[in-house]
Amino acid sequence: MPPIRLLPPDLVAKIAAGEVVERPASVVKELVENALDAGASVIRIEIQRGGLQLIRVTDDGCGIPADEVGLAVCRHATSKLATLDDLARVRTLGFRGEALASIAAVARLELRSRARGATSGRLIRLEGGRVVEEAPAGGPEGTTVAVRQLFFNVPVRQAFQRSPAGEVRQIIALCNQLALTAPHVRLVLEVDGHVALKAPGNGQLRDAIAAAYGPSVAAHMLPLPEMEEEGVRVWGFCSGPEEHRNTRLYFTFVVNGRLVRSPMLSYALEEAYHALLPGGRHPLAAVHLAVAPEELDVNVHPQKTEIRFRRERLVFALVRDAVREALAAFAPAPVLEPSVMSTLGSSPSAGAPASLPAAGSGQPVAPTTPAPAVAPGQAVLVEAAAPPPRAASAVQSAAAPPAGHLRALGQVGLTYIVAEDASGVYLIDQHSAHERVLYEQLLRQSRDAPSAARSQLLLAPETVDLSAAQSAWLAEHVAVLEALGYRLEPFGGTTWLLRALPAALSPRRAQAATRALAELIDGLIEREYGDGPLDDQARWAVACHSAVRAGDPLSPEEMAALIEQLERCDMRRTCPHGRPTMIHLSHAQLEREFGRR
Ligand code: ADP
Ligand code: MG
């Protein structure tokens, strides 16, 4: 082995910087936290080329006194901590005094600041950690930090960066979370000149959620009851059982104003939804906690997003119970008392279809409030070229080739259709079944139908209000939705005009489909980077958002039509997410259950 030596200071600085500055989003987080610590009420974040070209954060906070600007960019220089005792009671987001120095070590950094009440300000520029300029400067009160050519001197990091698009996605997700962290701050994110987030900063968490995830998501979030136990307080919002995502990116946990990552809190949240969401799906939530600073260790990692609670169990139970209560207030009681179904999985019947769902999959879906009734014809089909929409509510059960297999008997809990055939009884999940039907119709249409036939024009176009990020995504990807039959036009700002819907959707669902558009786009933004081609993701998502829901009353004709369409599907036993569409109780099984055999 070569002899031991002390590393040169600039190498030490780069190694240390690597812990704080992992990627462009980490720079954004450190700079925004500094602005929040400075008491800013407006924070503007500008990004170019995924942040690798430029990250600029401007705030109207307290600023830095001119004679301290040089110190601010030095390692271990902070105004937020003086003694070891302070470390045990951190109230600011920063305290390690290393963010600016770390960023400066791996980029070209320019900091301009004017302290509140000071007549002039100061500017400092560093390249790869070395000061190249320091001078008096004008400008408004507050601070602007511009970081250019991040990692220009760290080839290893460059090699590990994702595409600018991937970095943008991380930065948008982070800024959305920061908006939910500090709803009292007007947070604006501009990506390559386009506004991707504009939080109102009015202190209302729900309005911050609307800015981040769109108004339709925000409108459906459930408030957590404010709960407090032994000095730990929780508040915030969580999604209802009908709203879910395929990632945990929509979990926001804020502890004493700090955005944190916590597997324990994630677990508490998911525990509250136990059995309410389909497998692999996750809720949305913004959960705030306030605890005494002594109860918390924030100095676990240089990025300060990991924390330790002194009383983990207490915090876990409090979060889980608050979310449970919110969900219970929303859906007081399950509709079905599934005593038969509970034994179903444990004694699979010989006569049951081979793909009979496994035990436990027959859990009741909590009913939602019924969708507001839409007068028939409110969304009217006027496109002559389009065939009538082949959706559950619009199609009468025309004699299908192997028709008459299943006969609808009625609806249970406004959620399941009871049906029978010669072999026994079926419970059909109306939402999953309709999802499957719509998905296959969309698939067939995209293969067979000319594009005009895929649309149904709305008599009166609907306006759809989107968040800035949703609107930006739509501007780029509108063709994906048009291929399915949507027709959308920009209508100024982040509002769009919806002129036509996929022909597969029933007119009766048109209003719901309009409302669900924002959510649909959210799902697609996420999946753009996921597996599978975007057009299939879009079919999948449209089917999910447009299908009848648990809680929707269905007429006998609608039930019959849905069943008939389901029977014509290629994969009728599961919905596109893989959840079962039906549960079968064979005659043999019924006889056994009733002791007839
Ligand atoms: P820390 O935040 O841990 O103190 P930083 O390196 O992030 O360390 O910042 C160093 C110091 O620079 C801070 O303690 C603060 O005094 C000052 N500072 C940094 N950014 C700002 C800002 N946007 N507004 C006012 N002061 C700032
Ligand atoms: Mg800091």
Side-chain angles (χ1 to χ4, degrees), residues 13-14 16-22 25-46 55-84 86-107 109-118 120-126 129 131 134 137 139-147 150 174-175 178 181-182 185-188 256-260 293 297-307:
K14 274 194 205 168
E19 295 200 312
V20 179
V21 187
E22 203 182 319
S26 356
V27 174
V28 173
K29 177 174 162 295
E30 292 296 338
L31 297 182
V32 171
E33 288 191 345
N34 278 349
L36 291 172
D37 278 344
S41 54
V42 181
I43 303 176
R44 178 164 172 224
I45 306 151
E46 293 157 276
I55 297 169
R56 181 161 45 214
V57 175
T58 306
D59 68 59
D60 64 347
C62 64
I64 306 174
D67 58 345
E68 291 179 19
V69 163
L71 208 51
V73 295
C74 291
R75 185 163 298 281
H76 311 306
T78 178
S79 58
K80 302 169 191 175
L81 206 66
T83 68
L84 184 63
D86 295 343
L87 188 56
R89 282 180 253 109
V90 175
R91 289 187 185 276
T92 48
L93 302 173
F95 56 87
R96 299 173 59 105
E98 57 186 2
L100 289 180
S102 297
I103 298 165
V106 293
L109 181 145
E110 180 184 301
L111 183 153
R112 239 171 223 275
S113 193
R114 177 147 76 92
R116 214 166 270 161
S120 69
R122 202 157 178 84
L123 167 155
I124 189 165
R125 287 202 296 122
L126 295 92
V131 177
E134 193 184 338
E141 288 180 352
T143 304
T144 299
V145 180
V147 177
L150 184 62
L174 169 72
C175 289
L178 288 168
T181 301
V185 175
R186 262 205 285 153
L187 202 72
V188 177
N256 292 356
R258 177 189 307 279
L259 176 64
V260 299
D297 183 359
V298 290
N299 190 25
V300 179
H301 185 273
Q303 290 178 6
K304 299 163 289 167
T305 49
E306 278 168 48
I307 44 158

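Note that ligands are numbered from 1 as they come in the structure, with each ligand's atoms numbered from 1 the same way.
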Test item: [X] side-chain N/O and [Y] main-chain N/O as donor-acceptor pair under 3.5 Å:
X	Y	result
D59	G142	no
R44	R56	no
S113	I64	yes
D37	G94	yes

Report summary line: The protein residues that pass the under-4.0 Å heavy-atom test against ligand 1 are N34, A35, A38, D59, G63, I64, A72, A77, T78, S79, K80, G94, F95, R96, G97, E98, A99, L100, T143

Query raised in the report: Got a second to check how far I55's CD1 is from I45's CD1, nearest 0.5 Å?
Result: 10.0 Å

Query raised in the report: Would you say T78 reaches the Mg ion (ligand 2) with an N/O/S atom under 2.8 Å?
Result: no

Query raised in the report: Going by atom types only, do K80 and N34 share a side-chain donor-acceptor pair under 3.5 Å?
Result: yes

